[in-house]
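We name chains A, B, ... by the order of the sequence lines, and we start the count at 1 in each one.
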Amino acid sequence: MGERKDLLSADNLVVRFRQAQGFRRAVIYPVNQVSLTIARNEVLGIVGESGSGKTTLGRALAGMVPIAQGSLWLKGRNVTELNRKRLREYWAEVQMIFQDVYNSLNPVYTVEQQLLFPIQHHALPNVEPDQELERLLHLTGLTPAAAVRTRLPHELSGGQRQRVAIVRALASGPELLVADEPVSMLDVSLGADILQLLLDLRAEFGLSIVYITHDLPSAVYLCDRILVMYGGRIVESVSADNLVKHSQHPYTQRLLAAARFEGPEESSARSSDSVTSSVLLESHRGCPYAERCPIVSEICTQTRPELVQINSDHTVACHAVSTSLEERNG
Amino acid sequence: MAEMTVNDTNKDLPNDSPHRARTSSLFGWIKVMKKNRKAQVGFIIFVGFILVGILAPVIARYSPTATNFPPLEPPNAQHWFGTTGLGQDVYAQFVWGTRSSLIVGFGASAISTLFAVVIGMYPAYWGGYLDRVMATFTNVFIVIPGLPLMIVAAAYVHDSSTLTMMVIIGLTGWAGRARVLRAQILTLRNREFVWAARLTGASDRRILVHEILPNMLSLFMASLMYGILGAILAEAGLEFLGLGNLTGVSWGSMLYWANNGGALLNGAWWWLLPGGLGIAMFGTSLALMNFALDEVTNPRLRQMSTLSRDRIVRAWHALRGESFQ
Amino acid sequence: MSDDTAILTVDHATVVYGSEAGLAQAVNDVSLAVAPGHILGVVGESGCGKSTLAQAIMRLLSPNAALVEGRIAVRGRDMYRMSENELRMFRWKHVSMVFQSALVTLNPVIPVGKQFQEIFQIHEPTMSQVQVRKRIEELLSLVRIHPQNLSNYAHELSGGMRQRIAIAMAIALDPVLVVMDEPTTALDAVVQREILDEIRRIQEIKRFAVVFISHDLRLVSYISTEIAVMYAGKIVEVGSAHHFMAAAHHHPYTQGLLDSVPKLSGEGFTIRAIPGSPPDLVHPVRGCAFHPRCSAAYDACLAASPILRSVGSSKFACFDIERRENEKAHG
């Protein structure tokens, strides 16, 4: 950990929720023993379906949900458990962009009213907040700034709202942006601009970005490295370039086939979309993907596969992959 | 920066339209409310009652407790609303009764608002143990039937001053309102914009006052109006049952004396009517303002009611310069 | 466009919404026809009128909207000339709908099986309990749902299962047309793909016609036989889905949609958003509705609104494509 001057690193992160199940309360683990590192200026993708734990992981990285086990490090500082004051300092460096553009801005305030507080709050002594606001509005394409400033959220398009949310996140001068499905609620023709804006901001400010999405093609487009999550665990970690051609995990391949609208007809023989919350329970054994996996074998239902290194930038947690790797290596 | 691929969003901005007035801020509402017929009527009645209450000493003409008039006289030039069986002036009683009923109504509602806010809203924002205790406490209070509790309390304290009435009504009426406010806080406190404010470094106090409260204003106003109405009804109920201050004059005690004095048996409708009408009219004014508030803050309600399908078809053909039967 | 054999014919339909701001033309002079066994995909972004078109076909427009012009007929029968009673018996039996969220169709407090039975009680009162039971089991096996799920409530089922059941309900009375409004949008990619394959398979067995509404061009080209692209209430491009993704030319808006989504196979491909902002339906621009955002726009586009014309195997509403076609023909 920390070899490549990592910005943020997580070590065996666990998030625990209590959930009402009928009359009983069950403990579930939406994020379970996740380790990851985010380098400076890197765009890391976290891909998975609903219930995979990707959103909870993003929120844990942004300090929004308590971490039950494991540790989180920002620039070598342990930031696993922070009091209110320290948390505020943490948020100056790690910011979040939300999916729901209709709820991410306070409906009663104009753009200017939303943004002046965070800018003033974090402004350097020699910076005039008003000019800083103007600068950020221009930077994110919210022009003409004078007209945009006085708009209320409902007078803006979805794309413009997301830009305002991005300005707000940039106000504290963060080093890491956690973007949770930033374009999934936007029309495609407007979403493309937001994705491009994120790439521009990364180049401009040297930002690191965690891009959380269910949309594999946009993750491949945007990210340097991609983590595929299933059932609260990382099942494959691979560079974006290699994901399309060299991914190994059956779940990643299934996501790819679905995104391509190619390949054989999806077999529905296995109940692929049965409720999967049981894999989040502590009592669950074996591979989280076992009940949907087309190449499942005996061992998959018994022991959980560990992440195995395939090459320098590629790890997979799958018994089938480890077995064939061992055979090849003799 | 010059090569950044952002397009000019100039054309993105809609023209100034009537929608601009539809804000959720207080001033925005007042602007829209001014044009709403229900709000206008409700507000005029409401202000009328307040004026009567304030100006009672000036406009009452007689003392409400003086018994030196001929009893059971129907309305006439001397006694606009007639006289009671004990020879009191009903108009004077109505005017003074308005004053004391409103005082108890507003006072009790202020007390229950304070309780609802302190017990329902604040703990809900922070959540955790305190919130669970307070929520349980609230729920216990909700299931205790209000009227019997008030009766017992009123009978127990043996003091029926206006202040006591306010306190008793206020303390028994907060629970339902606390629960509504709590529910609203619970939905708002984890909204994305509230989280975003937290992430930008806003303090809890700022989040509560600046981010959450403005979004609860309509609910809060509605709760306040129901609180006032509920308190006035409760006061009238207690007085009517003879548990209030029977030497004082209020809408409830007017009803009590009218009922006990056999106003109906004697055909003295003028004795019975003003107290009841006062309660009904004041309640109507609050309800009208509340409906209007609902329409203003819920655009869907408005849109549905404004344009029927027939009118759309007619407007469409008119727009194209066609005649339409 | 009044094809006699067509299941659905929409002739010059215009739908208008009334709001405080004025009249918004959500569907603007749309004509189309769907032949038996065909799947027409209707694509566009929010506000293009695709969902309004679906509601208009079902005669389910919201109270502040009206079909002000044109005719919509299913098997030659105009639903807008039916009485409320006729309409109730006609809808679902001959034309049914699958919504984006199955929770629109499924009542949360009644078990799924009971809701199935109700459909038959209303529309086929002569069927016996046993026959109904048998029919429901047939339908469930068609969408690959186990009959034991009939006793479940909607919230106990996963999103994919709910949507399968919604599809089974939609085809319960063997309708000739099923309107599907974003039926897979709320689902995860893998489940979405499964449901699409399911729809294709069932549709090949039952041969009903489908109007499939979606914002996703790739998805629509996967499932449809014909594709219509809508912008600002008008169809701007319509053609066979077979070679759609590989077609030589597209309407500039369609091309814009294609260019704004990342592709898995495109190395070195840069996504490009469509410049400008979505159209204002209350104050439409003069000329082609897309011209303010179109890089190919020239003076003709500002003067008049183009109508659909055949170029090759597709139809386009675009002056630029017409002009290029003319130049090719003359030189």
Side-chain angles (χ1 to χ4, degrees), chain A residues 47-52 141 156-160 183-197 199 213-222 240-241 243-245 251 253-277 292, chain C residues 43-48 143-146 156-164 185-198 200-201 215-223 231 245 253 256-267 269-278 293:
Chain A
V47 175
E49 294 173 281
S50 53
S52 65
L156 301 174
S157 71
Q160 288 176 316
V183 299
S184 71
M185 280 179 76
L186 304 179
D187 275 322
V188 289
S189 72
L190 303 172
D193 255 355
I194 299 292
L195 292 182
Q196 209 57 51
L197 176 63
L199 287 180
T213 187
H214 68 282
D215 181 39
L216 205 50
S218 70
V220 170
Y221 180 77
L222 203 65
D241 296 337
L243 183 125
V244 178
K245 286 183 198 122
Y251 177 60
Q253 286 170 347
R254 194 158 187 183
L255 282 179
L256 272 170
R260 277 197 179 114
F261 292 110
E262 282 165 10
E265 180 171 311
E266 285 284 326
S267 133
S268 308
R270 301 189 74 83
S271 66
S272 62
D273 59 331
S274 58
V275 184
T276 52
S277 65
R292 288 173 66 178
Chain C
V43 192
E45 296 181 289
S46 51
C48 77
V143 295
R144 306 195 215 196
I145 292 279
H146 197 278
E156 296 172 323
L157 305 169
S158 71
M161 284 162 88
R162 282 202 290 260
Q163 209 54 289
R164 282 164 199 267
T185 304
L187 304 173
D188 284 314
V190 174
V191 183
Q192 166 170 311
R193 172 70 191 280
E194 281 174 5
I195 299 288
L196 290 179
D197 289 336
E198 210 71 82
R200 275 224 298 216
R201 198 172 50 75
H215 67 283
D216 188 336
L217 202 46
R218 287 172 62 78
L219 187 153
V220 163
S221 67
Y222 177 71
I223 192 163
Y231 185 80
M245 296 307 276
Y253 175 64
L257 284 182
L258 287 168
D259 290 345
S260 50
V261 285
K263 296 174 187 55
L264 278 176
S265 48
E267 303 251 327
F269 165 86
T270 310
I271 53 171
R272 268 180 301 140
I274 302 175
S277 58
R293 308 174 73 181

Side chains of C:Tyr253 and C:Arg293: any donor to acceptor distance under 3.5 Å?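 Absent: no donor and acceptor within the cut-off.
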
A:Val244, part contacting chain C, at a heavy-atom distance under 4.5 Å: side chain

Side chain, backbone, both or neither: which part of A:Leu195 has a heavy atom under 4.5 Å from chain C?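 The side chain, not the backbone.
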
Ring-plane angle category for C:Phe269 and A:Tyr221, please: parallel below 30°, perpendicular beyond 60°, tilted otherwise. perpendicular

Between C:Ser221 and chain A, which part of the residue has a heavy atom less than 4.5 Å away: side chain, backbone, both or neither? neither

Answer with side chain, backbone, both or neither: which region of C:Leu219 has an atom nearer than 4.5 Å to a non-hydrogen atom of chain A? both

Do the side chain of C:Glu45 and the main chain of A:Ser189 share a donor and acceptor less than 3.5 angstrom apart? yes

Would you call A:Arg254 and A:Glu49 a salt bridge, taking side-chain N to carboxylate O under 4.0 Å as the test?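 No salt bridge links A:Arg254 with A:Glu49.
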
